[in-house]
There are 2 protein chains.
Amino acid sequence: MEIRIGDLAKRSGCEVVTIRYYEKEGLLPKPARSGGNFRLYGDAHIERLQFIRHCRSLDMTLSEIRALLGLRDNPMQDCGEVNTLLEAHIQQVEMRVSALLQLKRHLVDLREKCSGSRSVEACGILQGLGNCNCHGESATNSQTSG
Amino acid sequence: MEIRIGDLAKRSGCEVVTIRYYEKEGLLPKPARSGGNFRLYGDAHIERLQFIRHCRSLDMTLSEIRALLGLRDNPMQDCGEVNTLLEAHIQQVEMRVSALLQLKRHLVDLREKCSGSRSVEACGILQGLGNCNCHGESATNSQTSG
DNA sequence: TAAAAACTCTATAGTAACTATAGAGTCAAG
DNA sequence: CTTGACTCTATAGTTACTATAGAGTTTTTA
Ligand SMILES: [Zn+2]
Ligand SMILES: [Zn+2]
Ligand SMILES: [Zn+2]
Ligand SMILES: [Zn+2]
């Protein structure tokens, strides 16, 4: 039961180019090839790709996923590392959420500063963006982007 | 009162290379140069960079910031567009937060599935990552990354 | 005054996880 | 036998930077 890359893409909800990209990155093993040099995938590939996509839908990085796949490929090990990785990922998500919530409070504050349609020059939003004391004194590099 | 790029970096909490990058991207106008070809900045640059950094700390993209700077540079306009842009940004943040919260519930679910230290092969976490029905039937491409 | 340290310059490549494009080859149907 | 759908490789672009190389400038120090 061998399928081509387009079918694998449909089954996994993953674009064809992305599958080739995962192969290049070493997450998916190189599949067999047909006479015409087309990739041919079997059940193991399908399942592995679904695993990867599931992890991606949980916002894990490819490097985290690589680590999980590595553990999965050595099934005799203790699963403590799996727990550690998951725990670290949960904490990252929590931190990101609280950063975004703080950021949103700030944005909503800013929105209040415009009391209707007037000139850009007088708009409290742009003024608030220019000279702001909401982060403390000087502009800090408290980046939250990722 | 002209300062060099290193001083501007210190004042704005922004790296030197980033300042040059903003110049290349057209967010900061090209400054005057000294005899030795060093960039020389004045008050207008300092204020403009602080504006940019403030917007960045609110997770705005450079393209959003470019739009705001464009409005700021034409002060006679109606400020409706500023409001629209801010509103759209707030909504993006809200969507990202709710996506992350959903994701976190999922991760916490998964964490429950391991009941202590055993082999990777038997670990409920890895099994949960492999065959999961939590998103519905097949893996959907409900990506939340950005 | 000369050497050393600190700063600045340009240009280029790398990061993450893809997406888009060009140009050629393969396969099934009409 | 041609059309269309699919696949192949290789390369460049995306975002907002970061890192590096190699050279020139300014300031500090001996
Ligand atoms: Zn306004
Ligand atoms: Zn602020
Ligand atoms: Zn376990
Ligand atoms: Zn799941």
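So you know, we letter chains A, B, ... as the sequences are listed, proteins then strands, and number each from 1. Computed from a predicted model, the values in this text were never measured in an experiment.
B:Ile5 has its CD1 atom 13 Å from the P atom of C:dC7, to the nearest Å. In this structure, B:Leu49 atom CG and D:dA16 atom P are separated by 15 Å, rounded to whole Å. As rounded to whole Å, 12 Å separates atom P of C:dA13 from atom NZ of B:Lys24. Residue A:Glu23 contributes atom CD, which lies 9 Å from atom P of D:dC8 at whole-angstrom precision. Separating the CG atom of B:Leu28 from the P atom of D:dA16 is a distance of 15 Å, rounded to the nearest angstrom. If you take CG of A:Asn37 and C1' of D:dT9, they are 9 Å apart, rounded to a whole angstrom. Here D:dA16 presents its P atom at 14 Å from CG of B:Leu58, a figure rounded to the nearest Å. When rounded to the nearest whole Å, the span between CD of A:Glu25 and C1' of C:dT19 equals 15 Å.
Contact annotation: B:Tyr22 reaches the phosphate of D:dC17 (side-chain N/O to OP1 or OP2, under 4.0 Å). OP1 or OP2 of C:dT19 lies within a sub-4.0 Å distance of a side-chain N or O belonging to A:Thr18. The side chain of A:Arg4 places no N or O atom within less than 4.0 Å of a non-bridging phosphate oxygen (OP1 or OP2) of D:dA5.
With values rounded to the nearest 0.5 angstrom, A:Asn83 atom CG is found 4.0 Å from B:Ile125 atom CD1.
As judged by a 4.0 angstrom heavy-atom cut-off over every strand, B:Arg20 is placed among the base-contacting residues.
Under 4.0 Å is where a charged nitrogen must lie from a carboxylate oxygen, and between B:Arg48 and B:Asp43 no such pair does.
The side-chain tip of B:Arg72 points at the ring of B:Phe51 from less than 6.0 angstrom away and within 45° of straight on.
Closest-nucleotide positions on DNA chain D for B:Ser34 and A:Asp7 were compared, and the one nearer the 5' end corresponds to A:Asp7. For A:Glu15 and A:Gly35, each mapped to the nucleotide of DNA chain C holding its nearest heavy atom, the one lying further toward the 5' end belongs to A:Glu15.
The side chain of B:Val17 lies closest to D:dT18 when the candidates are C:dT8, C:dC18, D:dT18. Which of C:dT10, D:dC8, C:dT19 sits closest to the side chain of B:Arg39 comes down to C:dT10. Each of D:dC8, D:dC17, C:dC9 was ranked by its minimum atom distance to the side chain of B:Tyr21; first place goes to D:dC17. The side chain of B:Arg53 approaches D:dC17 more closely than any other nucleotide in the set D:dC17, C:dC18, C:dT26.
Not a single donor-acceptor pair under 3.5 Å links the side chain of B:His106 to the backbone N or O of B:Leu101.
Annotation: salt bridge (Lys or Arg N to Asp or Glu O under 4.0 Å) contacts involving residues 79-91 of chain B, sequence neighbours excluded, comprise A:Arg111-B:Glu87.
Within 6.0 Å of CD on B:Glu25 lie more than 12 heavy atoms contributed by other residues, nucleotides or ligands.
Judged by distance alone, the side chains of B:Arg53 and B:Tyr22 do bring a donor and an acceptor atom under 3.5 Å apart.
For the segment residues 61-72 of chain A, the set of residues with a heavy atom within less than 4.0 Å of an atom of DNA chain D is empty.
Connection of A:Ile90 to B:Val97 is established within a shared hydrophobic cluster, with ILVMFWY side chains joined at heavy-atom distances below 4.5 Å, either directly or through further cluster members.
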